[in-house]
Every structure is written in structure tokens, then in C-alpha cells.
Protein chains: 2
Amino acid sequence: MATGRTHRPATRSRGIPEATVARLPLYLRALTALSERSVPTVSSEELAAAAGVNSAKLRKDFSYLGSYGTRGVGYDVEYLVYQISRELGLTQDWPVVIVGIGNLGAALANYGGFASRGFRVAALIDADPAMAGKPVAGIPVQHTDELEKIIQDNGVSIGVIATPAGAAQPVCDRLVAAGVTSILNFAPTVLNVPDGVDVRKVDLSIELQILAFHEQRKAGEEAAADGALPTAARAGSADQGPDGDVPAVMPA
Amino acid sequence: MATGRTHRPATRSRGIPEATVARLPLYLRALTALSERSVPTVSSEELAAAAGVNSAKLRKDFSYLGSYGTRGVGYDVEYLVYQISRELGLTQDWPVVIVGIGNLGAALANYGGFASRGFRVAALIDADPAMAGKPVAGIPVQHTDELEKIIQDNGVSIGVIATPAGAAQPVCDRLVAAGVTSILNFAPTVLNVPDGVDVRKVDLSIELQILAFHEQRKAGEEAAADGALPTAARAGSADQGPDGDVPAVMPA
DNA sequence: CCATCTTTGTGCACACGTTCACAAAGACAT
DNA sequence: ATGTCTTTGTGAACGTGTGCACAAAGATGG
């Protein structure tokens, strides 16, 4: 999912699978909730239910971190919180910059979940000179001209891009040149980065399109089950019989 | 990624792999850009580069849709746009409701990418009576009491949850009860839904934590390469030697 | 009409991820 | 101390996704 090519040729035995890494934050959240309710221990079954995964997967995930459970009892909540936090690198503080303070950028700046877990908004950056100095979420917006200086002064290694699509790649290039090695991209564009830089993307439009696909499939199936009577929901979709494949609009 | 258990036991040959479905929107975006530049055809190599994937994967992805290319030439841009749009169900219009019009909900409502591709914001819903009637992105916010009526009147099958974590599950339950079968969840919670309902989640905090993990790994490696001299970046991380595993905080 | 050249579509091998199912570990009671 | 009962940790089987490498398809030029 990140960039880089065949990243990690299993260099070290410390190789935790990507899929596991992606679930650790989920476990951590569930464990934090338990911790706040002062629950001392939890079984893989209970925790798996809370995290929305199956218990075998959870146990295998934890087995990559080490043997932190006690058979017949379960896992010590506080201890696990600490181990996972450490594994994810949340025992240290990560300064983050947000570039592009439009609707979305402002929403991100205001998002509480940021600060809660080891992340600190070091700066808000926008290209609009009119925004400069204006405080958003209590932090004054700075102009793009300052980008390199901000990155370097604060030792920022994680950048969030919330600019329009067109501005994303140039901003990305500048962030990387200034020393950022991890980027969270909200702009609907593919970012090109050199090796060693990780990019994760969040794209509303893509998520909706994936949902639409499944939604359409459900509608089609339902129609088929209803006795091949198309429902009103099947608006513009071409008649897709058992192997429907109408050329329809084939140009040229 | 969706919910449901062993969903789709390969019922039909029409079974497009999830991984492929998730990439179709990416291809579609790249193709749309080409279309706007009036590029008539594109090779798998070119399109793959534009979409940020490798060309073999792209060709295999397209092969699940059918044989839409011409050997020696490439793919007809317009035709592919149409085929992918149809496959994703974007030839019809999907009314969407956004529940929770805080910073994020407002940002989503204002997001242009929504309307651009088959999605129409049918309503904005918030629990705060003070918000009722107030227009956001040109659409008046309606109160949660109206939720069921709105869903039914507009035939909404896709809901976006942008509420605080605590409100997400109750809202989800109401959406599902009212007939929504696809949910895009921005709240940091695991949602429980009945079979047949798809949930996709977008979680800023999780993405950042994944980046932090890789960032820490990079820092650790770099330090090791630098001759085992820890850099300033390695703040709170416990000394993780070849198999470092300091109990440190083990409670109880 | 034939030769050449480009680019697709896909069989195959491999890597990664998931799930099952069970032996081993330990708690706890007697 | 011994036995029972719970729950972990993991080997093995399976399923999904990825990438190579190449034959087949068709365009294009002579």
C-alpha cells in the first residue's frame, strides 16, 4: 500500500506483516477503551470482538510482537497498550505539518484524534497569503514560503497534504526535499516519491466508488432473486444478462 | 474489507477480485484526465504509470472486465471510461446522506469530488437542533429526527457517518434500519452491521499510526547503518537491539 | 499478401494473508 | 501434587494477490 517497490525483502526477523501493522492501531484503540474502564485483562476472543476481527487473526498478529499473553487468562491490558504503542512508535512525539488549510485541512487541524496519540500539529501551511497569520484550531497559518524552514526547525518527518489535486505533487516534492519521509495524502492524485518515502492516501471519492460497486452488485442480485424483474433502482445500468456485454457506446 | 462473512463464494464468473475493484477508481481517474486532454488511446504501460501501478497488474485487472484492448495499439480511452464507469455503477446516480455536520462533515459536504462522479448529496443531517435549517455547502442541515424519512423519500442506500465516535453506532443502526446498505464511516469506531451491509472506514488516526510505524523503522535502520549510534530522532523508543525486548513497564 | 513490430491477455510460480484446529502452557481447585 | 479447564501460540492448509514472461493478436509498411 505504501510506495517503494519490493520494500522489505524480509531483511530482519523483526518483519511484522503489513496487514498486521495496519490492525495494530485498531487493537490499540480497543485496548485503550478497556484501560479507561480499568479492565485488567482481556481474552483474544473479547478483544477481537471489540476490534472487529476474528480471534485467530488477532492471536497471530500478537504473536509477531512476542508472547505477551498468559494461557488460560488472556492479555494484560496495560502491558499490551504499552507494547503496541512502542511497536508503532507512539512512545515518542511526532510533529506533523498540514499543508492546505481549506475546508478539509481546517477539519483535520481541529480533529482531536491527532494530538491524542503521539502526534502534534507543528504547523499549518497554506499558499494563500490572505490566510497567513489567521489562527485555525488555535494555530496560526503560515505561508508556503516558510515550508522548508518549518520542516527543518521542527524536525518534521510526517506531512499531511490537503491541497487541491493540482498542488499536491509540487507540495509533495518540496516536503520530501525538505526532509519529510512519510506523507498522508488527501488530494485525489497519485504522488510520485523517491524510494524510502512512504505515502498513504485517503480518498473519499474512491471509497464511495467501491461502495457503489458493491451496492450495484447487491441490487443486481436482488433483482435476479426477485425473478429477473429489474427494480427501479437499476436506472442507467445496461442490461447485464448472464454474460451481458452490450457494446453500447463503443466509439470509433 | 467489507463486512459480511465469506461473502461471495465465487457465485458467478462475474466475480471481480476486491483488489481489482479497489483499483478501478484509480484507473478511472487517470482515464478521465486523458479524456479531457482528448487523448484517443493509451497503452497499459502509460496508463499504469499514470495510475501508479505496474502494467501487468493493470492488464490483469482489465482482463476481469473483458477484452477491451487492441493488441499493438492499447486501450480506447473513452470506451474504457464507459466500461469502468458502468462496472462501478457510476452510470446511475447515487443519493448520499452525510450525518454529523461538524468540521469534517462540512468539509465533506463542500468536497467537489462528491458530485463529480455519480454521487449526489441528498441531505445533511445533524443532531444539534441549532444547526437545523442552517445551510452548509448550499444545502440546509436537517435534524436527526428526519433521518428515516429522508432516507426513504430519497431512496438513499449510501450513508456517510461523520459524527463523534460515541454517536456512530446508534446512527449506523438507524441508517441500516431505514434501508441504507453501504456506509462510509469517518468516526473512529468499529461499526457492527448485519450481513449484507458494507462498511468502509476512513480513519486519519490509524493512517498516521501506520506511517509512524514505518517512520520509526526507518529511523532505527538508519541508526543501525550509521554505526549503532542512536540519532536524536530516537527519543522514547526502548533500546531495540537485534532482539531487544525490554520488559520495562510490565505492570502487575 | 507477407513480414515485422507493438502491445495485449494470461498461464504459472511465488508471496502474502487468513483460518482452522490442536498441542502446550499455565491458572485454579481439590 | 494432581487433575481439570481455559486460553494462548502456531503448524499447516487454503485462498487471494502479484509479477514474470511469453504466445497470440492485430496494426502497419512494403
Side-chain angles (χ1 to χ4, degrees), chain A residues 1-11 13 15-24 26-27 31 39-77 79-80 83 210 245 252, chain B residues 1-11 13 15-24 26-27 31 39-77 79-80 83 210 245 252:
Chain A
M1 193 136 295
T3 310
R5 298 146 315 171
T6 319
H7 239 353
R8 214 92 326 267
T11 306
S13 71
I16 300 176
E18 255 318 292
T20 295
V21 172
R23 281 188 295 266
L24 290 181
L26 228 57
Y27 301 144
L31 284 164
V39 176
T41 62
V42 66
S43 71
S44 63
E45 204 73 49
E46 292 165 328
L47 185 54
V53 302
N54 107 12
S55 67
K57 183 150 46 181
L58 178 142
R59 285 199 300 277
K60 180 142 288 196
D61 283 342
F62 285 177
S63 80
Y64 293 116
L65 309 184
S67 284
Y68 295 151
T70 306
R71 293 168 195 234
V73 176
Y75 299 92
D76 182 288
V77 172
Y79 186 53
L80 249 194
Q83 289 299 343
I210 296 171
D245 213 44
Chain B
M1 194 135 295
T3 311
R5 300 145 314 172
T6 319
H7 238 353
R8 215 91 327 266
T11 307
S13 70
I16 300 176
E18 255 320 290
T20 295
V21 172
R23 280 187 295 267
L24 290 181
L26 227 58
Y27 302 145
L31 285 163
V39 177
T41 61
V42 66
S43 71
S44 63
E45 204 73 48
E46 292 165 329
L47 185 54
V53 303
N54 108 12
S55 68
K57 183 151 45 180
L58 178 142
R59 285 198 301 277
K60 181 147 289 192
D61 283 343
F62 286 175
S63 79
Y64 293 117
L65 309 184
S67 283
Y68 294 151
T70 306
R71 294 169 195 233
V73 176
Y75 300 91
D76 182 289
V77 172
Y79 186 53
L80 248 194
Q83 288 299 343
I210 295 172
D245 213 44

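A note on names: the letters A, B, ... follow the listed sequences, proteins ahead of strands, and every chain is numbered from 1.
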Which pair of non-hydrogen atoms, one from [X] and one from [Y], has the smallest distance, and what is that distance?
X	Y	value
B:S44	B:S55	O-CB, 3.9 Å
B:V77	B:L31	CG1-O, 3.6 Å
B:L47	B:V42	N-CG2, 3.7 Å

Whole-Å distance separating the [atom1] atom of [X] from the [atom2] atom of [N]:
X	N	atom1	atom2	result
A:E18	C:dC16	CD	C1'	11 Å
B:I16	D:dG17	CD1	P	12 Å
B:D76	C:dT8	CG	P	13 Å
B:L58	D:dG17	CG	C1'	15 Å
B:L65	C:dT8	CG	C1'	14 Å
A:R23	C:dC16	CZ	C1'	12 Å
A:D61	C:dT19	CG	P	11 Å
A:F62	D:dT7	CZ	P	16 Å

(request) Scan residues 40-57 of chain B against DNA chain D and write down, sorted by residue number, each residue with any heavy atom closer than 4.0 Å; if none is found, say none. (result) B:N54, B:A56, B:K57
(request) Would you indicate whether the side-chain heavy atoms of A:L65 and A:L24 approach each other to under 4.5 Å? (result) yes
(request) Name all pairs fulfilling the salt bridge (Lys or Arg N to Asp or Glu O under 4.0 Å) condition that reach into residues 46-60 of chain B, sequence neighbours left out, sorted by first residue then second. (result) none
(message) Once side-chain contact (heavy atoms from CB on, under 4.5 Å) is applied, do any residues pair with B:A22, and if so which ones, sequence neighbours excluded?
(response) A:I210
(message) Going by side-chain contact (heavy atoms from CB on, under 4.5 Å), name the residues that satisfy it together with A:A50, two or more places apart in sequence or in a different chain.
(response) A:A30
(request) Scan nucleotides 24-30 of chain D nucleotide by nucleotide, 5' to 3', and note B when protein non-hydrogen atoms come under 4.0 Å of the base, S if they reach only the sugar-phosphate, - if neither. (result) BB-S---
Is there any protein nitrogen or oxygen under 3.5 Å from a nitrogen or oxygen in nucleotides 11-13 of chain D, and what are the pairs?
unit_1	atom_1	unit_2	atom_2	d
D:dG11	O6	A:K60	NZ	3.3
D:dA12	N6	A:K60	NZ	3.1

(request) Determine: side-chain N/O of A:R59 to OP1/OP2 of C:dA21, distance under 4.0 Å, yes or no. (result) no
(request) For B:T20, check side chain to side chain donor-acceptor pair (under 3.5 Å) against everything at least two apart and list the hits. (result) B:D61
(request) Only counting residues at least two apart or in another chain, list the ones meeting ring-ring contact (aromatic ring centres under 6.0 Å, His included) with B:Y75. (result) B:F62
(message) Counting the atoms with a prime plus P, OP1 and OP2 as sugar-phosphate, which does B:Y75 contact under 4.0 Å by heavy atoms, base, sugar-phosphate, or nothing?
(response) sugar-phosphate
